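Please read these numbers as outputs of a predicted model, since none were measured by experiment.
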Amino acid sequence: MVEPKFFEGPQKGNLAAAYAAMDANVDVITAYPITPQTTVVEELSSLVGEEEFIARNQKTQFMRMESEHSVAAGLVGASYAGARVYSATAGQGLLYMTEMIHWMVGARLPVVLSIATRGLTGGGWNIWADYGDIMGLRDSGIMIQLLGTHQEIYDSILMGFNISEHPDVMLPLFPAYGGFVLSHTSKPVKRVPWEEAQKFVIPKRDEWEHVWIDSERPMMTGALIMPQSFYAEFRIKAHEAQLKAISVIKDTMAEFEKRFGRSYGNGLVEPYKADDADVLMIGYGTIAKQAEDAVDVLREQGYKAGALRVRTYRPFPTEDILKYIKKTQIVGVMDRAIAFGNPTAGPLSTDIMAACQRYDSTRNAKILPFIGGLGGRDVTYDDQIEQFKILFDLKEKGEAPKKPYKMWGTYWTGLITGSDKVPQGEEEYFGDI
Amino acid sequence: MNNDKIFEITMHGRGGQGAITAALLLCEIAYADGYTDVLSIPKIGAERRGAPIKAFTKLSRNREIKNYAAVEDADITIIFDASLIPLPGVADAVKHGTVLVNTNQTIDVSKFPKECKIYTVPVTDIALKLNLTTAGYPIINVPLLGALTQIKYKDETGEMDLGLHLKTIEKIALKKFGSRGHLNYEAAVKASEQVKEIQ
């Protein structure tokens, strides 16, 4: 038995991701570096030759590719052959992969690909935390999980294969975490002992049910699908698989908790003092984790605040979110991404507003969209207290204040203020028509 | 001493002096010395040797650290190079707590608030004397952590040290740097002996 180089202690988020992929005993890793993901694949290139894994006869293949498009194409090829595959990327790298990501979904290939999210680039470079990259793929059919701690990165990638390779699902899963804010910071991380990880992770199959590469049994894939053929039905089945993944994610989380004693809500959402809250702040990533500190401080001052972290964004956990909105009715939704031209400018807030229309009990809930932390700007805990105070004002006075900065119906947190510094939008975009 | 306190530490260094590594090592040392949650935050920008950089560490004995934002009002400020003191965002950002400066000179304490505890330690001299260098540059980050084991922090609940041990530094240094760990540890011990309180 070889002593592992790392088992428990403060560790960078990126290295937690690399160890999780190795502990899930992946067959093929394809790699191309991009900030802030780079150290994931750097570490993997060394871990595949690490004594610990060699002694266990683990045969993970590490392939350096010439671009992200080839990384994704390599994953598609290896996955067609039934291999367990993993890679990681970020920002522009994810954009460059996009064509092949749609192929993974259409071909129903269970790829796990982690993202150290960063600002998108155009006119200037930004490499810091912002979910604009992964949000751009929110409707591509991939499953998306937005993570809040270092330990959660490790755990989610380990769980990821059980969800992605589940026969009811067979879709790619992208666990995403804030670049630098989690990728390069260090916090205590504990690995699952290798033998226990092997017992937990879904058993490997020689081939998938619907596609294989075998010279004895040749099959054709990637053919032209005419309009009168099954294109629409294939698309609907991928949507159905997304919906089926909801219970698979819950079951996987429950099983993980039973074995290892750690959990992140029910796998879909993680509530924090949300049951008896007067106002609720919904968010994702580290900002949502940090909101829990704001909740504690406000509760000490007598304000019944609550927080809800959306951990699984696709499939969208409609019922699990609405359950809490139904109780509180006054809700803020914090996005760390911008969806240009979208009704609220925030991807999550628009989804939540749309979902609320589905039931009588949530149709009249007051949803305030917030956006902040774009391009890695710090969202401080004082900013978050201020956001909660806006929600409490709405509750107590029936009206939300226009400060700190409200434009087009959305609150923009932490802007560089001054009349000449920011765009001057209408405070209320949605007047009566 | 308040066990729920989360210590917030800012390190000011120059690119190449090892401040980012120090922030990470401090996490490992504190975790081994009984802190249940630790967080190191490197402030990443366009890195280059000699440019001022910042790294942050947060240490907690009981509570989970959920705040990932940069430290704004540090409990302990570690300055790797006295020439950084007059730069914007260094001495002028110190509002309370304790300051540790690497220097073999006297420093102008009036740059810092009166109620701050201020310590100095000549770790560059210590490293050069022990020949603890890399490509000719003295290694000062581990020695500074050695000095950190000796300093005190004061607030309204009383005076306390961080509860970090030189023996733990030895253990971590050996694990991280192999045989070079011995020399790092030796320098840390020297620094812990030579650190002095000047205010």
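- Shown here is A:Tyr303, whose OH atom has no more than 12 heavy atoms of other residues, nucleotides or ligands within 6.0 Å.
- Sparse packing is recorded around CD of B:Glu72, with 12 or fewer heavy atoms of other residues, nucleotides or ligands lying under 6.0 Å away.
- Contact annotation for B:Leu39: both backbone and side-chain heavy atoms come within less than 4.5 Å of a heavy atom of chain A.
- Taking 4.5 Å as the heavy-atom cut-off, the residues of residues 291-300 of chain A that approach chain B are A:Glu292, A:Asp293, ordered by number.
- Residue B:Ala70 comes nearest to A:Asp378 through the heavy atom pair N-OD2, 3.1 Å, listed as atom of the first residue, atom of the second, then distance.
- One finds the CD atom of A:Gln11 at 7.5 Å from the CD atom of B:Glu28 (value rounded to the nearest 0.5 Å).
- For the pair B:Tyr68 and A:Gly148, the tightest heavy-atom approach, listed with the atom from each and the gap, is OH-O, 3.3 Å.
- If you measure heavy-atom distances from A:Thr149 to chain B, the contacts under 4.5 Å come from both the backbone and the side chain.
- Within a 6.0 Å sphere centred on CD of A:Glu3, heavy atoms belonging to other residues, nucleotides or ligands number 12 at most.
- At least one side-chain heavy atom of A:Glu8 sits less than 4.5 Å from a side-chain heavy atom of B:Tyr31.
- Proximity to chain A (any heavy atom under 4.5 Å) is restricted, for B:Thr36, to the backbone atoms N, CA, C and O.
- Using a 4.5 Å cut-off between heavy atoms, A:Ile287 makes no contact with chain B at all.
- Taking CD1 of B:Ile20 as the start and OG of A:Ser186 as the end, the distance is 11.0 Å to the nearest 0.5 Å.
- Within 6.0 Å of NZ in B:Lys175 there are 12 or fewer heavy atoms belonging to other residues, nucleotides or ligands.
- For the atom pair B:Cys27 SG and A:Lys187 NZ, the distance stands at 10.0 Å (nearest 0.5 Å).
- Within 6.0 Å of the NZ atom in A:Lys273, the count of heavy atoms belonging to other residues, nucleotides or ligands exceeds 12.
- When side chains are defined from C-beta on, B:Pro42 counts as touching A:Thr185, because their heavy atoms get closer than 4.5 Å.
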